[in-house]
Asker: 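Sharing a structure, written as structure tokens. Questions coming.
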Amino acid sequence: MDWRFFEEGDLDWILKVTKDMFKESEWNDGEYDKDKVTRYFYHIIDNPLHMFGIVCLRGEKKIGFLTGEIHQFSFMKDIFAKQSELYVIPSERGKMGALFMMNKFMEWAKNNKAREVYFEPSTHNVDINKFDSFAKRLGMVKEAKYRSKL
């Protein structure tokens with residue numbers, strides 16, 4: 001398994017898989033916005049010091065992607081990294097791609113002096129027990145997440 005940062009040539013693939021990701025999501029009653037995804041993709045490429053975007057590869061085949069970013073804590077200058085999106089194509093799930101990308105994100109965060117890293121798995125299309133085991137393997141602790149649809 002290998003990885004690399006987003007490149008402009010990845011845009012068509014990102015648009016395809018984010019459309020699939022959207023269909024699987026708990027928000028799929030909304031409208032997929034190709035232009036917004038395109039702007040977000042270029043925002044990541046244009047801001048490599050604060051934004052993280054990688055493609056995971058098995059040989060030449062793209063099997064997933066992870067995006068995230070650096071933020072500053074509200075009351076101090078220390079920073080943290082937060083995962084935004086994590087997706088593995090269905091045929092590659094259960095083959096360690098997600099764990100591999102999570103580890104790369106944590107390495108990037110550490111290299112960028114982040115104090116903490118946060119992951120927020122979707123509970124709609126993720127086996128939360130499997131995600132918990134991934135997190136433990138990476139030395140993470142679980143914190144609660146609350147939300148409400150309005």
Side-chain angles (χ1 to χ4, degrees), residues 1-30 32-34 36-71 73 79-147 149:
M1 202 170 319
D2 203 3
W3 71 280
R4 62 173 169 70
F5 289 107
F6 282 177
E7 297 173 354
E8 280 196 58
D10 295 323
L11 179 59
D12 288 340
W13 182 81
I14 290 291
L15 290 170
K16 178 193 176 305
V17 296
T18 55
K19 192 175 281 190
D20 294 341
M21 182 182 185
F22 180 73
K23 288 176 188 173
E24 290 183 46
S25 80
E26 58 195 309
W27 308 284
N28 63 11
D29 59 342
Y32 177 82
D33 189 332
K34 176 183 173 182
K36 184 170 186 175
V37 174
T38 301
R39 284 190 305 274
Y40 181 59
F41 175 81
Y42 283 110
H43 179 69
I44 291 169
I45 288 177
D46 293 342
N47 293 286
L49 297 178
H50 300 289
M51 302 296 295
F52 180 86
I54 64 168
V55 172
C56 185
L57 306 157
R58 187 175 307 282
E60 296 293 315
K61 181 181 179 184
K62 297 172 189 172
I63 65 165
F65 74 93
L66 188 147
T67 63
E69 55 196 280
I70 296 281
H71 295 277
F73 287 99
I79 60 173
F80 65 94
K82 183 176 177 289
Q83 165 258 328
S84 300
E85 304 298 336
L86 171 59
Y87 186 74
V88 176
I89 63 172
S91 64
E92 289 290 329
R93 293 180 187 161
K95 299 179 184 178
M96 308 308 283
L99 184 64
F100 180 80
M101 290 186 289
M102 290 167 67
N103 192 46
K104 295 303 172 194
F105 182 60
M106 291 176 74
E107 289 173 5
W108 175 83
K110 185 176 181 178
N111 289 339
N112 282 282
K113 311 287 190 256
R115 179 176 169 163
E116 296 179 1
V117 176
Y118 297 94
F119 288 92
E120 290 188 34
S122 166
T123 56
H124 182 71
N125 63 349
V126 171
D127 177 342
I128 204 66
N129 293 324
K130 191 176 282 189
F131 188 86
D132 286 347
S133 72
F134 284 174
K136 286 178 186 171
R137 288 168 90 173
L138 293 170
M140 301 184 86
V141 296
K142 184 177 181 179
E143 293 182 357
K145 175 183 162 184
Y146 295 95
R147 70 181 185 89
K149 286 191 173 184

Asker: Side-chain contact, heavy-atom cut-off 4.5 Å: I14 with Y87?
Answerer: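 They are not in side-chain contact.
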Asker: Is there a side-chain contact between F6 and M51 in this structure, where contact means two heavy atoms from C-beta onward sitting under 4.5 Å apart?
Answerer: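 Contact flag for F6/M51 side chains = no.
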Asker: Taking all heavy atoms of F105 and all of Y118, pick out the closest pair and write down the distance.
Answerer: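 For F105 and Y118, the tightest heavy-atom pair comes out as CE2-O, 4.5 Å.
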Asker: If you look at every heavy atom in L86 and M102, which pair is closest and at what distance?
Answerer: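 L86 and M102 have their closest heavy atoms at CD2-CG, 4.0 Å.
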Asker: Just verifying a value: how many Å separate Q83 CD and M106 CE, rounded to the nearest 0.5 Å?
Answerer: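 It comes to 12.0 Å.
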Asker: With sequence neighbours excluded, tell me which residues meet salt bridge (charged side-chain N to carboxylate O under 4.0 Å, His left out) with E85.
Answerer: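 Once residues adjacent in sequence are excluded, E85 has no partner under the salt bridge (charged side-chain N to carboxylate O under 4.0 Å, His left out) criterion.
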Asker: Check this for me, if you would: do K104 and E107 make a salt bridge, where the nitrogen-to-carboxylate-oxygen distance has to be below 4.0 angstrom?
Answerer: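 Yes.
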Asker: Roughly how far, to the nearest 0.5 Å, is the CD atom of E8 from the CZ atom of F41?
Answerer: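 It is 7.0 Å, given to the nearest 0.5 Å.
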Asker: Not counting sequence neighbours, which residues clear salt bridge (charged side-chain N to carboxylate O under 4.0 Å, His left out) with K16? List them please.
Answerer: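 K16 satisfies salt bridge (charged side-chain N to carboxylate O under 4.0 Å, His left out) with D20 only.
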Asker: Work out which heavy atom in V17 is nearest to a heavy atom in F65; give both atom names and the distance.
Answerer: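 Minimum heavy-atom separation between V17 and F65: CG2-CE2, 3.8 Å.
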Asker: Which is it for F80 and H71 under the side chain to side chain contact (heavy atoms under 4.5 Å, CB included) test, yes or no, and what are the steps along the way?
Answerer: CA-CA 5 Å; F80 65 94; H71 295 277; 3.3 Å; yes
Asker: What distance separates M21 CE from Y32 OH, expressed to the nearest 0.5 Å?
Answerer: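 Between atom CE of M21 and atom OH of Y32 there are 10.5 Å.
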Asker: With the side chain counted from C-beta on, respond yes when K82 and F52 share a heavy-atom pair under 4.5 Å apart, and no when they do not.
Answerer: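 Not touching, per the 4.5 Å side-chain cut-off.
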Asker: Of all residues at least two apart in sequence or in a different chain, which pass the side chain to side chain contact (heavy atoms under 4.5 Å, CB included) check with S84?
Answerer: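 Scan of S84 (side chain to side chain contact (heavy atoms under 4.5 Å, CB included), adjacent residues dropped) gives Y40, T67, E69.
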Asker: Kindly give the heavy-atom pair with the smallest separation between L49 and N112, and that separation in Å.
Answerer: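 The pair with the smallest heavy-atom distance is O-OD1, 4.1 Å.
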Asker: How long is the straight-line distance from OG1 of T18 back to NZ of K36, given to the nearest 0.5 Å?
Answerer: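 Going from the NZ atom of K36 to the OG1 atom of T18 covers 12.0 Å.
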Asker: Who pairs with I79 by side chain to side chain contact (heavy atoms under 4.5 Å, CB included), at least two apart in sequence or on another chain?
Answerer: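 Listed in chain order: I70, Q72, A114.
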Asker: Could you give all pairs that pass the side chain to side chain donor-acceptor pair (under 3.5 Å) test and reach residues 48-61, with sequence neighbours left out?
Answerer: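 Checked against side chain to side chain donor-acceptor pair (under 3.5 Å) - neighbours excluded - the pairs reaching residues 48-61 are R58-E92.
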Asker: How would you list, by chain and number, every residue that makes a side chain to side chain contact (heavy atoms under 4.5 Å, CB included) with R4, sequence neighbours excluded?
Answerer: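 Applying side chain to side chain contact (heavy atoms under 4.5 Å, CB included) to R4 gives E7, D10, V55, L57, K62.
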Asker: Can you check whether W13 reaches L11 side chain to side chain, under 4.5 Å on heavy atoms?
Answerer: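 Answer no - side chains too far apart.
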Asker: Around K19, counting heavy atoms of other residues, nucleotides and ligands shown, do more than 12 lie under 6.0 Å from its NZ?
Answerer: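 12 or below, so no.
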Asker: Measure across F119 and V117 and return the closest heavy-atom pair with its distance rounded to 0.1 Å.
Answerer: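 What the structure gives for the nearest pair is CE1-CG1, 3.5 Å.
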Asker: Compare every heavy atom of I54 with every heavy atom of F5, then report the nearest pair and how far apart it is.
Answerer: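 Closest heavy-atom pair between F5 and I54: CD2-CG2, 3.8 Å.
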